[in-house]
Number of protein chains: 2
Amino acid sequence: MARPRIKDVALRAGVSEKTVSNVINDYEHVSERTRKAVREAIAELGYRVNLAGRHLRRGRTGIIALVLPELDFPYFADLANGIITEAERNGLTVLLHQTRADRQHELSALHGFDHDFADGVILSPLALTTEDLRDRRRTLPAVLLGEAIEPGWADHVAIDNVRAARDATEHLISIGRRRILVVGGSDAPPPGTAEARTLGYRQALDAAGLPYDPAAVMPVAQFRMPHGAAAVARALDAGPRPDAVLCLNDQMALGAIRTLHERGLRVPRDVAVVGFDDVEGGRFSVPTLTTVSPDKKAVARVAVELLLLRIAEAAGGSGNADLPPEERVVPHRLAIRESTAGPAAAAPAG
Amino acid sequence: MARPRIKDVALRAGVSEKTVSNVINDYEHVSERTRKAVREAIAELGYRVNLAGRHLRRGRTGIIALVLPELDFPYFADLANGIITEAERNGLTVLLHQTRADRQHELSALHGFDHDFADGVILSPLALTTEDLRDRRRTLPAVLLGEAIEPGWADHVAIDNVRAARDATEHLISIGRRRILVVGGSDAPPPGTAEARTLGYRQALDAAGLPYDPAAVMPVAQFRMPHGAAAVARALDAGPRPDAVLCLNDQMALGAIRTLHERGLRVPRDVAVVGFDDVEGGRFSVPTLTTVSPDKKAVARVAVELLLLRIAEAAGGSGNADLPPEERVVPHRLAIRESTAGPAAAAPAG
DNA sequence: TTGAAAGCGCTAACAT
DNA sequence: ATGTTAGCGCTTTCAA
């Protein structure tokens with residue numbers, strides 16, 4: 001037989017459609033007997049709600065869109081993992097999109113063009129500008145990750161990137177490093193993850209009274225292993241040898257370690273290396289990688305929580321809506337491992 | 001104003017709702033003038049189709065579910081990446097679920113319980129049994145990845161795992177290795193990825209006239225770095241030193257390299273290492289990793305193609321339906337890198 | 001080439 | 001505690 005509908009269940013249970021609906025939706029005022037009868041009919045027919053009908057009627061789907069630059073960055077995979085887990089805990093399903101850091105894709109995600117089904121969107125933008133946010137009609141509930149964008153225009157979840165980079169740089173300085181490369185860095189002012197981290201790096205240099213050399217800031221096209229590897233190669237070819245490399249993510253750091261190895265330089269003895277993100281690869285690399293470890297579970301938890309709030313807000317009419325955007329800062333710590341163990345000693349994996 | 005509907009567009013363009021619908025759906029017999037008027041009205045109002053209505057009417061959503069064990073396995077992240085790309089190319093959106101290798105989750109994915117919206121599902125099962133497939137009412141179009149299951153019960157896409165493992169093992173034998181560990185292996189008969197690969201390993205040993213030692217097969221709880229690292233540690237503690245390790249994925253291989261490094265053994269001089277999957281981490285590790293490289297793009301392409309076929313079949317009534325399940329084998333190659341460069345020489349990264 | 005009417009499956013509002 | 005009615009937005013007859 002074709003897939004049963006509420007009508008079929010109602011017929012079989014000898015009640016009205018509405019009563020069936022009541023049972024399905026756990027409406028309180030249904031007698032035990034009726035409830036049981038309906039439950040049985042449902043089981044016998046193998047009935048399941050048709051979400052299309054429910055969606056059309058209710059206007060909500062229980063689906064949220066997660067829009068990330070690329071899934072094959074371990075950091076984003078970890079993030080997706082956490083957000084899916086958290087969403088499922090809240091009865092939500094996650095639609096996944098990739099933008100490949102393309103502004104048009106990010107824009108269209110923000111406006112809900114690509115995923116009309118979604119009740120809301122969690123977006124990790126790379127190319128979006130403040131203007132894009134300013135223009136947007138505040139329709140689709142949205143939470144942004146990272147800090148590509150000036151605060152105040154949308155809900156945001158991120159670590160304190162300036163602080164994190166300063167922590168990492170201070171650590172390098174504390175083990176006696178003086179010429180520190182920044183792979184993936186950018187001289188421009190924040191917002192932007194690269195910019196914020198480069199600023200933190202600079203603050204640490206200033207605080208230690210070390211000179212800031214623009215040539216030590218190596219921009220890259222992408223935060224990937226090959227680009228990290230190439231950037232370090234370029235630096236070694238061009239300038240004086242650095243004694244440390246601050247890589248703005250772990251992938252580039254692993255690429256950097258590879259290049260240093262190929263050039264016959266020892267990590268950390270000759271060159272210390274630090275990354276960001278704390279991906280699994282850095283806990284088993286040779287040497288293991290010192291890294292800024294963001295609380296990824298917290299990012300996922302806060303992002304979903306915030307989005308649920310906004311969705312509820314949107315559903316509740318414009319009653320208590322238009323609360324101001326929230327900026328949530330999630331904790332991070334520095335995981336110190338072999339790649340920055342002082343010049344002489346060798347420490348165990350952290 | 002509230003979101004415009006077809007009615008609003010019709011009113012503005014001075015035509016009927018049906019005409020608007022015709023334009024939206026690229027129906028041929030619409031005069032140029034009418035079409036233009038409707039298009040303008042759509043643009044002016046910022047109209048977009050409401051997918052809930054369309055879904056209810058048509059019964060299809062353009063959404064497919066992708067169900068994977070864990071997203072933070074680089075291999076699955078790569079796969080998801082490819083499938084999302086391929087799906088979007090075909091105008092489909094992808095819903096993502098994680099099963100954590102739980103049979104209940106896999107079953108419920110197969111039956112479409114978790115994602116009622118989906119027109120079909122691409123599933124990478126780990127715990128599903130042949131019985132689970134045999135029982136299922138063939139309702140939701142489904143394509144399975146990997147080879148957890150006996151052939152003939154559902155559409156399948158995978159590499160030839162027996163052959164791939166034989167290739168890898170033959171390579172190790174060809175560079176003079178004799179005592180080869182299998183990390184993640186399983187003595188049981190196929191189906192099952194671990195089982196198929198262990199069989200291929202054994203075939204290679206037999207062909208070379210080498211003895212098969214069950215103690216060389218190290219089962220693991222998960223195909224992850226820590227488990228690979230621990231398995232090798234166990235083997236080194238327990239038995240004679242191996243001169244090669246065949247790891248059934250790259251994550252375990254990277255973990256294995258780490259343990260060997262900690263024990264003061266040189267890779268590949270003392271112990272050669274091979275992995276499966278060809279993830280990026282193995283192209284920049286120290287040493288770089290020899291690995292079985294499946295054509296992941298082909299997996300994605302074939303999986304989506306097959307699923308589209310089944311969806312079309314399901315939509316076309318039971319007319320030409322019930323075509324027999326397809327088994328599609330996707331090519332692989334052995335990427336030879338530093339971790340198996342012969343005892344003396346050192347080769348460049350492949 | 002275009003329009004009118006009906007209905008996909010569900011639930012909110014309003015009876016009873 | 002349960003039933004009746006209406007309608008969410010769209011597309012599919014069928015008719016003009």
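All figures in this text were calculated on a predicted structure; none of them were measured in a lab. First the proteins, then the strands, lettered A, B, ... as listed; each starts at 1.
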By the definition side-chain contact (heavy atoms from CB on, under 4.5 Å), identify the one residue from A:Gln104, A:Glu106, A:Gln98 that meets it with A:Asp102.
A:Gln104
The answer to which of A:Arg48 and B:Asn22 contacts DNA chain C further toward the 5' end, by nearest nucleotide, is B:Asn22
Starting at the 5' end of DNA chain C and moving along, which residue's nearest nucleotide shows up first, A:Arg58 or A:Ala52?
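Whichever sits nearer the 5' end wins; that is A:Ala52.
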In this structure, CD1 of B:Ile24 is separated from CZ of B:Arg39 (nearest 0.5 Å) by 10.0 Å
Taking atom CZ of A:Arg328 and atom CG of A:Leu306, what is their separation to the nearest 0.5 Å?
5.0 Å
Let me know the distance between [atom1] of [X] and [atom2] of [N], rounded to the nearest Å.
| X | N | atom1 | atom2 | result |
| --- | --- | --- | --- | --- |
| A:Arg3 | C:dC8 | CZ | C1' | 13 Å |
| A:Lys7 | C:dT11 | NZ | C1' | 16 Å |
| A:Asp8 | C:dG9 | CG | C1' | 11 Å |
| A:Ile6 | D:dC8 | CD1 | P | 19 Å |
| B:His55 | D:dG9 | NE2 | C1' | 13 Å |
| A:Ile24 | C:dA12 | CD1 | C1' | 15 Å |
| A:Leu56 | D:dC8 | CG | P | 9 Å |
| A:Glu17 | C:dC8 | CD | P | 10 Å |

State whether [X] places a side-chain N or O below 4.0 Å from either non-bridging phosphate oxygen (OP1 or OP2) of [N].
| X | N | answer |
| --- | --- | --- |
| B:Thr34 | C:dT2 | yes |
| A:Tyr27 | D:dG3 | no |
| B:Thr19 | C:dT2 | no |
| A:Arg54 | C:dT11 | yes |
| B:Asn25 | D:dT11 | yes |
| A:Ser16 | D:dT4 | no |

Distance alone, cut at 3.5 Å: any donor-acceptor contact between the side chains of B:Arg100 and A:Thr85?
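Judged by distance alone, the side chains do pair up.
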If you check the A:Ser31 side chain, which of D:dC10, D:dT2, C:dA12 turns out closest?
D:dT2
What's the closest nucleotide to the side chain of B:His29 if the choices are C:dT1, C:dA13, C:dG9?
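Among the listed nucleotides, the one closest to the side chain of B:His29 is C:dT1.
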Measure from NZ or CZ of B:Lys18 to the centre of the six-membered ring of B:Tyr27 and say whether it is under 6.0 Å with the direction within 45° of the ring axis.
yes
